[in-house]
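One structure is given here, and the rest of the page talks about it.
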Amino acid sequence: MTLSSICRSVVKFYFNCHHVESSSLYVHSAFTRRLQFACRLVSTFLICTFVGYGTQLSTHLSHQFMIPNSGVICIQETFGHTLSTALHVSLAIIPLSIILFIIQHLVVVYHNYPIGIVLILSSSFCISYMCKTFQTRKLTLLFNALFFLTIFNKEKVDSKLAFQLVANYIIGMFVAVLVSMLIFPLFATFDIENRVNYCLLHIDQMHQFVLQAFLCEDEIKAQVSLARARVVERRLHKTMSQMRTRLLDEIHLEPSRLLQRICRRRKKTITHLNVKEQADLVISLMFHVCSLQSMTNQCLFNRYHKNLVEKLQSNFAEFSTCQSKVISALILPSSITREVFLHTLNNLQAALDSMNSIYKQVRIDHIEEMIETGAKIQSEDHLSHAFFFFQLGAIVRILRQTMVIDSELDTTKKTMKQKKGFGDYFKFQLDWSRISSAIKSMIIIGVGSIFVMVPSLANTFANGQWILIGLCTTQGDTVGGALTSMKMRLIGILLGSMWSYAIYLAVGEVLYKICVMLVPWLFLFGYLKLVSHWDFLAPVAATTPILINLGQTYGDVLREGNYVLLRIEETIIGIGLGAILTILIFPTFAVDMLKKNIQDTLKTCCHAVESIHSVYDHLFQQQDSKQQSVDVDQHEETKFNIDPERNHFHRLITSQRTLVQSTALEPSFLWFNYGFSSSRYHTLVLQQHDMFRILHSMHATLMYIKQYSLNDHKQIEDLRLNSTDAQILLDLDVDLTDLSRQLNDCVNLWISYFTLTKTTYYRWSHIHILRKKSKLIKGDLSANEDCLIELHRTVLRLQTDYQQAMDRVTDYYIEKSAQKEEPSTSVPYAHNDQADSILVTVSAMYYSTIQLVQVVMALGTTIHTIFELETTNVYRNF
């Protein structure tokens, strides 16, 4: 390796703008990211401690231990997330400090319990209402608690205490932002691009496994390849979920385009995509590859399939090679020129065209065989394979449409931005759910303040500050979320307190020795913070020794061995009180939020079906060319809506997964007969995902047909009117209308189920629910059974209708053959590739419709089982 290549590798590693093609085992692994974050965390602590204790600021500030503590809490994995946390907290505590400064000069709070409790309650209410995010609310409540703890327990307090506390916070957060930008910086922009590269590489790997399974002649061998594909799929979903979080919460504060230009200043860029468009590219490809996997899993490995695979074996190998080259070019755009990439992309299209030609010829040969033998065409073979080849074509079209090759793509691309008026920035509207949450937070903190302000309790618990701090930092949006925070905080406090006691025994109160002892501890939990299920526990375990060992001179009455035990005792009392009060005071149960989330997801899917039906009507029911031209804008509007619906759907699904985990900790046995079934709700989440994936495929088929209808509407009209084959395949309007009605009926019924099985408090707090039925009855579940039976009949009808259509087509071709007419002339798509593409696409649409009904049936069955478990005595425990 040359010196320049070594320097480039070091720069890529240091700034995390690397690629996933390296042969190294660790450079691009989670191990490296965790190691770098641990280094950033330790650096933040050391710099903050030096600023707070080793400079002249130490003579002007109090509570210096809050500088390293706020820095360690503020620093996050990416620069965008760290900056976002720092800005939100700063915008909350700066105006609060001004108010507290005024209070300190106007009111005497020292040992004045009535005034103190009123002030801390009112300030806690305002903080809880105004701070929307949990992290901001937690740090601001902690700031508020520290202020009142000090002025209530100390008679002589600096008149600028509020500003000193703000200075501690801002110094710590500034150091965290600075370290996040300079020491092993991980920008959310680069992280998303790295995840996109990883996803592209492994989507291609997953695609290869699916193609291997499709090419197998034996079903058992195919299942082995599909099992490999499922392993890759799980890892991809995990990577993509974190990528969506970056897009939603972290990237908006980073100069994404500037960072891309800096990183790519010497690259011959072949794409024009920003990070959001790259993420959309990955999500779309993932949908289509998962659709291929689903079809292959249900494929019939019969004679027709084996004959097709035998003729396409070499073509599939060429197609896979060309696709891998395109993916490699997307991951490493600097490795090839634009002209070479264009040639590679054209080779991929040529390989697809070659496969489509062979597939068309196989179908024509199959028709000739049917004419000779008098056998019938099996609808399952025709539909499933048409769906498979459409998905391959959709993948190629996505890859082509994202490149800066066709100038028309740049000129037709529109940016939709919603303009805000001046008055929009000053709108204020009361949110009653946030008001109830703020009242709840105020009462909990009020109870905790008793241990600080009542003299007898304050003397018993060393001023009780840890009880109040525990109550401030363990509040959540739901009961389950709060209980999860409490569980993690209790474990973190126990771990941190043990290490704090070990530090106290080993080095006493010598500052530099305490810092030396804290470094390995912070490094360990900095590494663990990025590990799943440790993201909340690790910061608590890391900051506990800082608070105890560096902040032990504040409000302490005991200095010996029971010092740490007292802290653990206070924490347990605080968490126990918090758990009881969280359940009793205006409880927002995670199970209620979960069921509301599922209701919104079902409505989103139902709306998507209605949109698809609308597009279908515009494409195939418009006879008038004038009407067709008028409806073009409506087509574009419907097409545009699929992206926000998809993003909204992914947010709902991500929230559902979190809520399922939170609900598992709630006392669900109080309102469900057999408790909460996490496994079945996880199954429900997967089935909703499958449902939307199929809807995405149906939308893709209609958009492909629409592209032809805008270019040559006469050709589709001729196919619909003159082709026996196409006339049958394109007549889906009645089926879609019926399916839309059935799905609406099912969704409305399921929504009523979820509404009626929410907790008693939720139904009591929503008056419109009380006016309806208060509980499920046996007839309600019977209605769901009737819906499932009707859906099953729909599947059978669709399959039967299509098989009858194939039989009529076979009879038609036999009749033409009896008239001495060759199949090459009687088959409408024999010499017309566009007509063949349209017929394959509509067959894929028909297959997707059948799959959609089957997924809805599976979803309804899972919902039925869930509500039997929750509301009936059908199942009994041992």
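Please read these numbers as outputs of a predicted model, since none were measured by experiment.
Residues Gln293 and Arg230 have side chains in contact (heavy-atom distance under 4.5 Å, counting atoms from C-beta outward). Using a 4.5 Å cut-off on side-chain heavy atoms (C-beta onward), Ser320 and His207 make no contact. With a 4.5 Å cut-off on side-chain heavy atoms, Ile283 and Arg244 count as touching. For the pair Val856/Gln742, no side-chain contact is recorded, criterion being any heavy-atom separation below 4.5 Å from C-beta on. The shortest side-chain heavy-atom distance between Trp750 and Asn784 falls under the 4.5 Å cut-off. At a threshold of 4.5 Å between non-hydrogen side-chain atoms, the residues Leu652 and Lys603 do not count as touching. No side-chain heavy atom of Gln212 sits under 4.5 Å from any side-chain heavy atom of Val224. Residues Ile358 and Asn315 meet the side-chain proximity criterion, which asks for heavy atoms closer than 4.5 Å.
A donor-acceptor contact shorter than 3.5 Å is absent between the side chain of Lys311 and the backbone of Val362. Asn744 contributes a side-chain N or O that, together with a main-chain N or O of Ser740, makes up a donor-acceptor pair within less than 3.5 Å. Under a 3.5 Å cut-off, the side chain of Gln599 and the backbone N or O of Ile751 do form a donor-acceptor pair. Using modelled atom types, no side-chain atom of Ser284 and backbone atom of Leu281 make a donor-acceptor pair closer than 3.5 Å. The closest donor-acceptor contact from the side chain of Thr800 to the backbone of Leu796 lies under 3.5 Å. Put simply, the side chain of Ser655 never gets that close to the backbone of Arg651: no donor and acceptor are under 3.5 Å apart.
Screening residues 739-751 for salt bridge (Lys or Arg N to Asp or Glu O under 4.0 Å) gives Asp738-Arg741, Arg741-Asp745, Arg741-Glu790 as the qualifying pairs, with residues at least two apart or on separate chains. Residue pairs meeting the ring-ring contact (aromatic ring centres under 6.0 Å, His included) criterion with at least one partner in residues 847-866, sequence neighbours excluded, are Phe387-Tyr847.
Not less than 6.0 angstrom separates the ring centroid of His382 from the ring centroid of Tyr304.
A donor-acceptor contact under 3.5 angstrom links the side chains of Gln656 and Gln688, judged on distance only. With no hydrogens or angles considered, a side-chain donor-acceptor pair links Gln687 and Thr862 at under 3.5 Å. Side-chain polar atoms of Ser291 and Gln851 form no donor-acceptor pair below 3.5 angstrom.
With sequence neighbours excluded, no residue forms a ring pair (Phe, Tyr, Trp, His ring centres under 6.0 Å) with His792.
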Run Leu399 and Leu285 through side chain to side chain contact (heavy atoms under 4.5 Å, CB included) and show every step you take.
CA-CA 9 Å; Leu399 293 175; Leu285 288 175; 4.1 Å; yes
Decide side chain to side chain contact (heavy atoms under 4.5 Å, CB included) for Thr344 and Cys322; before the verdict, give the C-alpha distance in whole Å, the side-chain angles of both, and the deciding distance to 0.1 Å.
CA-CA 7 Å; Thr344 304; Cys322 293; 5.7 Å; no
Residue pair Phe214, His385: steps toward the ring-ring contact (aromatic ring centres under 6.0 Å, His included) verdict:
CA-CA 10 Å; Phe214 183 80; His385 289 83; 5.7 Å; yes
Run the side chain to side chain contact (heavy atoms under 4.5 Å, CB included) check on Ser843 and Tyr802 step by step: do they pass?
CA-CA 10 Å; Ser843 298; Tyr802 197 88; 3.5 Å; yes
May I have the step-by-step check of side chain to side chain contact (heavy atoms under 4.5 Å, CB included) for Ser314 and Glu318, ending in yes or no?
CA-CA 6 Å; Ser314 59; Glu318 181 182 359; over 6 Å; no
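Scanning both residues, Leu695 and Ala608, for their nearest heavy atoms gives CD1-CB, 3.9 Å. Listed here is the closest heavy atom pair of Phe301 and Ala222: CZ-CB, 3.5 Å. The two residues Ile694 and Ser848 come nearest to each other via the heavy atoms CG2-O, 3.3 Å. In this structure, Val840 and Ala386 approach most closely via the heavy-atom pair CG1-O, 3.4 Å. Here the closest non-hydrogen pair linking Leu788 and Gly860 is CD2-CA, 3.8 Å. Between Ile327 and Leu200 the shortest heavy-atom distance is CG2-O, 3.5 Å.
Interatomic distance, Leu798 CG to Gln803 CD, rounded to the nearest 0.5 Å: 13.5 Å. Rounded to the nearest 0.5 angstrom, Gln323 CD and Leu211 CG are separated by 7.5 Å. Distance check, rounded to the nearest 0.5 Å: OG1 of Thr239 to CZ of Arg235 gives 9.5 Å. For the atom pair Tyr704 OH and His699 NE2, the distance stands at 16.0 Å (nearest 0.5 Å). Atom CG of residue Asp204 and atom CZ of residue Phe209 lie 10.5 Å apart, to the nearest 0.5 angstrom. In this structure, the separation between CZ on Phe389 and OG1 on Thr841 is 13.0 Å, given to the nearest 0.5 Å.
Between His288 and His696, the angle of the ring planes goes over 60°, which puts this pair in the perpendicular group of the 30/60° scheme. Note on ring orientation: taking the six-membered ring where Trp is involved, the planes of His689 and Phe287 are parallel (angle under 30°, cut-offs 30° and 60°).
Salt bridge present: Lys595 and Glu870 bring a charged side-chain N and a carboxylate O closer than 4.0 Å.
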